Amino acid sequence: MSNYETRVRPAIDQPYYGDDEIDLRQLFVTLWQGKWIIIVTTVLFAVAGVFYALSKPNVYQASVLLAPAQNEGNSGGISGQLGGLASLAGINLGGGGSNKTVIAKEVLKSRAFLTDFIHRHNLSVPLMATEAWSMKSQSWVIDPEIYSVETGEWRLDGEGESLKPTDWDMVKKFREVHLSLSEDKETGMLTVKLKSLSPPVAKEWADLLIKDINEHMRRQDVQEAEARIAYLEEKLNETNIAGMQQVFYQLIESETRTVMLANAQNEYVFKTVDPAVVPQEKSEPKRALIAVLATMLGGMLGVVIVFVRAFIRSGKQETNEEQE
């Protein structure tokens, strides 16, 4: 082996981990030097997280499990009946009627339905002017700066404008804070969840919501069927053809049956599989999780502060050395 190879080989075999080891050692030294900053920041955030978690009121959730009360493939109304009669003559008028369950799910979230629901049950004050729920008196604690219980009027803001909420504000809060829907695509089951500061109110609102959506869809179908009956009776009086009169009589009979069946069903669109009960345990807030996350955030912020502080000191030291 030549002298050149002898001199070069140690350089080739030499490991290049020296810088990494120094950096890792320096990292721990920096953290150790700033340990009190990390500890103090972590403790402060932990205490703040605990106080924040304790300041949040308990929120209770009532759930209702619903199933479609009607046969999905059933088509009613004039279009379905005419389709059946026309098929006898070899005429195709297309598919059946719309899926009432799908429509009802969308109506349940619609602005018009929720606005009517809030006004019908006088939910504006519990929805927009409450501070808490008194477990002792089983009543709402009203914010006196928003609503006056004595006069039954909404307060005025600093500019003299009434604090009475608009329909837009009430529906927005009801959707975002109180109401949530989840559907099982495989079974078609729908879960309606109502959140509230009051356990009995959460159940009450859930029950009222399901009752109202069933009544709304039934009333709508009855009105449409009665309108079709009136139309068919008008056309019946205009024709003298026995065959057409027979068709009109059959359609009127079908629509009359629709009205009778709709009025006889309490659960018209949604059938309650698992009714709502008064919740015994809170669903929110997750106080332990809030405290843990606040503590972790404080620890990470403390580490960042230590590194930034060390970086600034290092920069100043290099500047002084260059000046010297």
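Quick caveat, the model's predicted, so the values are computed rather than measured.
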Practice task
Report yes or no: does Lys173 contribute a side-chain atom to a donor-acceptor pair with the main-chain N or O of Leu127 at less than 3.5 Å?
Solution key: yes
Practice task
Say whether Val304 and Ile312 are linked into one hydrophobic cluster, either directly or through other cluster members, by side-chain heavy-atom distances under 4.5 angstrom.
Solution key: yes
Exercise for the section: Using atom types as modelled and distance alone, determine if a side-chain donor or acceptor of Thr295 lies under 3.5 Å from a backbone N or O of Ala291. Expected result: yes
Problem - Non-hydrogen side-chain atoms of Phe307 and Leu31 separated by less than 4.5 Å - result: yes
Fill in the blank from the handout: Interatomic distance, CZ@Arg228 vs CD1@Ile252, rounded to 0.5 Å, equals 12.5 Å
Exercise for the section: Find out whether Arg155 and Tyr147 are in side-chain contact, i.e. whether some heavy atom of one side chain is under 4.5 Å from a heavy atom of the other. Expected result: no
Practice task
Test side chain to side chain contact (heavy atoms under 4.5 Å, CB included) on Glu131 and Ile142 and set out the steps.
Solution key: CA-CA 6 Å; Glu131 289 182 333; Ile142 306 298; over 6 Å; no
Practice task
Please check if the side chain of Asn263 supplies one atom and the backbone of Val259 the other of a donor-acceptor pair under 3.5 Å.
Solution key: yes
Problem - CD1-CH2 distance between Ile39 and Trp36, expressed to the nearest 0.5 angstrom - result: 5.0 Å
Exercise for the section: Decide, yes or no, whether a salt bridge links Lys203 with Asp207 under the criterion of side-chain N to carboxylate O below 4.0 Å. Expected result: yes
Fill in the blank from the handout: Residues passing the side chain to side chain donor-acceptor pair (under 3.5 Å) test with Glu215, sequence neighbours excluded, are Arg218
Handout entry: Side-chain donor/acceptor of Asp184 to backbone N/O of Gly188, under 3.5 Å
Key = no
Problem - Closest approach of Val306 to Gly34 (non-hydrogen atoms, all atoms of both residues) - result: CG2-O, 3.4 Å
Exercise for the section: Check Thr151, Leu156, Val149 against Glu153 for a side chain to side chain contact (heavy atoms under 4.5 Å, CB included) and give me the one that passes. Expected result: Thr151
Handout entry: Short side-chain to backbone donor-acceptor contact, Ser254 and Leu251, under 3.5 Å
Key = no
Exercise for the section: Consider only side-chain heavy atoms of I, L, V, M, F, W and Y, link residues closer than 4.5 Å, and tell whether Ile118 and Trp140 are in one cluster. Expected result: yes
Practice task
Would you check, one step at a time, whether the test side chain to side chain contact (heavy atoms under 4.5 Å, CB included) holds for Leu66 with Thr191?
Solution key: CA-CA 6 Å; Leu66 304 173; Thr191 302; over 6 Å; no
Exercise for the section: Please confirm whether the backbone N or O of Val247 pairs with a side-chain atom of Gln250, one donor and one acceptor, at under 3.5 Å? Expected result: no
Problem - Qualifying residues under ring pair (Phe, Tyr, Trp, His ring centres under 6.0 Å), relative to Phe117, sequence neighbours excluded - result: His121, Phe174
Problem - Close side-chain approach of Trp133 and Asn58, heavy atoms under 4.5 Å - result: no
Fill in the blank from the handout: Taken to the nearest 0.5 Å, the spacing of Lys271 NZ from Ile210 CD1 works out to 15.0 Å
Problem - Between Glu267 and Thr272: side-chain donor-acceptor atoms closer than 3.5 Å - result: yes
Practice task
Mind listing the closest non-hydrogen atom pair of Thr101 and Pro68 along with its distance?
Solution key: OG1-CB, 3.6 Å
Practice task
Would you please say whether a donor-acceptor pair under 3.5 Å links the side chains of Ser196 and Ser198?
Solution key: no
Problem - Side-chain (Thr239) to main-chain (Ile241) donor-acceptor, under 3.5 angstrom - result: yes
Practice task
Drop me the distance from Ser124's OG to Met170's CE, to the nearest 0.5 angstrom.
Solution key: 5.5 Å
Handout entry: Residue pair Pro199 / Gln280, side-chain heavy-atom distance below 4.5 Å
Key = no
Exercise for the section: State plainly whether one hydrophobic cluster holds both Val222 and Met260, where clusters connect Ile, Leu, Val, Met, Phe, Trp and Tyr through side-chain heavy atoms under 4.5 angstrom apart. Expected result: no
Problem - Side-chain heavy atoms of Trp205 within contact of Pro200, under 4.5 Å - result: no
Problem - Contact summary for Thr30 and Ala310, nearest pair of heavy atoms - result: CG2-CB, 3.5 Å
Handout entry: Stepwise side chain to side chain contact (heavy atoms under 4.5 Å, CB included) check, Lys282 with Val59
Key = CA-CA 6 Å; Lys282 65 178 179 64; Val59 177; over 6 Å; no
Problem - Gap between atom CG of Leu301 and atom CZ of Phe45 - 0.5 Å precision - result: 4.5 Å
Exercise for the section: Return the minimal non-hydrogen interatomic distance between Lys235 and Phe248, and the atom names on each side. Expected result: CB-CZ, 3.7 Å
Handout entry: Joint hydrophobic cluster, Leu123 plus Leu208, side-chain heavy atoms closer than 4.5 Å
Key = yes
Exercise for the section: May I ask you to check whether over 12 heavy atoms, not counting those of Lys35, lie within 6.0 Å of atom NZ? Expected result: yes
Problem - Residue pair Gly49 / Ile290: nearest heavy atoms and the distance that separates them - result: O-CG2, 3.8 Å
Completion exercise
From the list Lys193, Lys195, Lys56, salt bridge (Lys or Arg N to Asp or Glu O under 4.0 Å) with Glu284 holds only for Lys195
Problem - Under 3.5 Å: donor-acceptor pair, side chain of Arg175, backbone of Lys109 - result: yes
Practice task
Look only at the side chain of His178 and the backbone of Leu194, and say whether a donor-acceptor pair between them is shorter than 3.5 Å.
Solution key: no
Fill in the blank from the handout: Rounded to the nearest 0.5 angstrom, the CG-CD distance for Leu236 and Gln245 is 5.5 Å
Problem - Heavy-atom side-chain proximity of Lys105 to Leu190 below 4.5 angstrom - result: yes
Handout entry: Single-linkage hydrophobic cluster, 4.5 Å side-chain cutoff, Val29 and Leu27 together
Key = no
Problem - Whether Asn214 side chain and Val269 backbone form a donor-acceptor pair below 3.5 Å - result: yes
Handout entry: Glu238 atom CD, neighbour heavy-atom count above 12 within 6.0 Å
Key = yes
Practice task
State, yes or no, whether a side-chain contact exists between Asp221 and Thr258 at a heavy-atom distance under 4.5 Å.
Solution key: no
Handout entry: Smallest separation among heavy atoms of Gly298 and Thr41, with atom names
Key = O-CG2, 3.2 Å
Handout entry: Heavy-atom side-chain proximity of Gln61 to Pro279 below 4.5 angstrom
Key = no
Exercise for the section: Start with the C-alpha gap between Trp168 and Arg111, add the side-chain angles, then the distance that decides, and say whether side chain to side chain contact (heavy atoms under 4.5 Å, CB included) holds. Expected result: CA-CA 8 Å; Trp168 178 280; Arg111 187 171 302 277; 3.6 Å; yes
Practice task
Determine, stepwise, if the pair Lys185 / Glu183 fulfils salt bridge (Lys or Arg N to Asp or Glu O under 4.0 Å).
Solution key: CA-CA 6 Å; Lys185 298 297 183 180; Glu183 181 182 2; 3.7 Å; yes
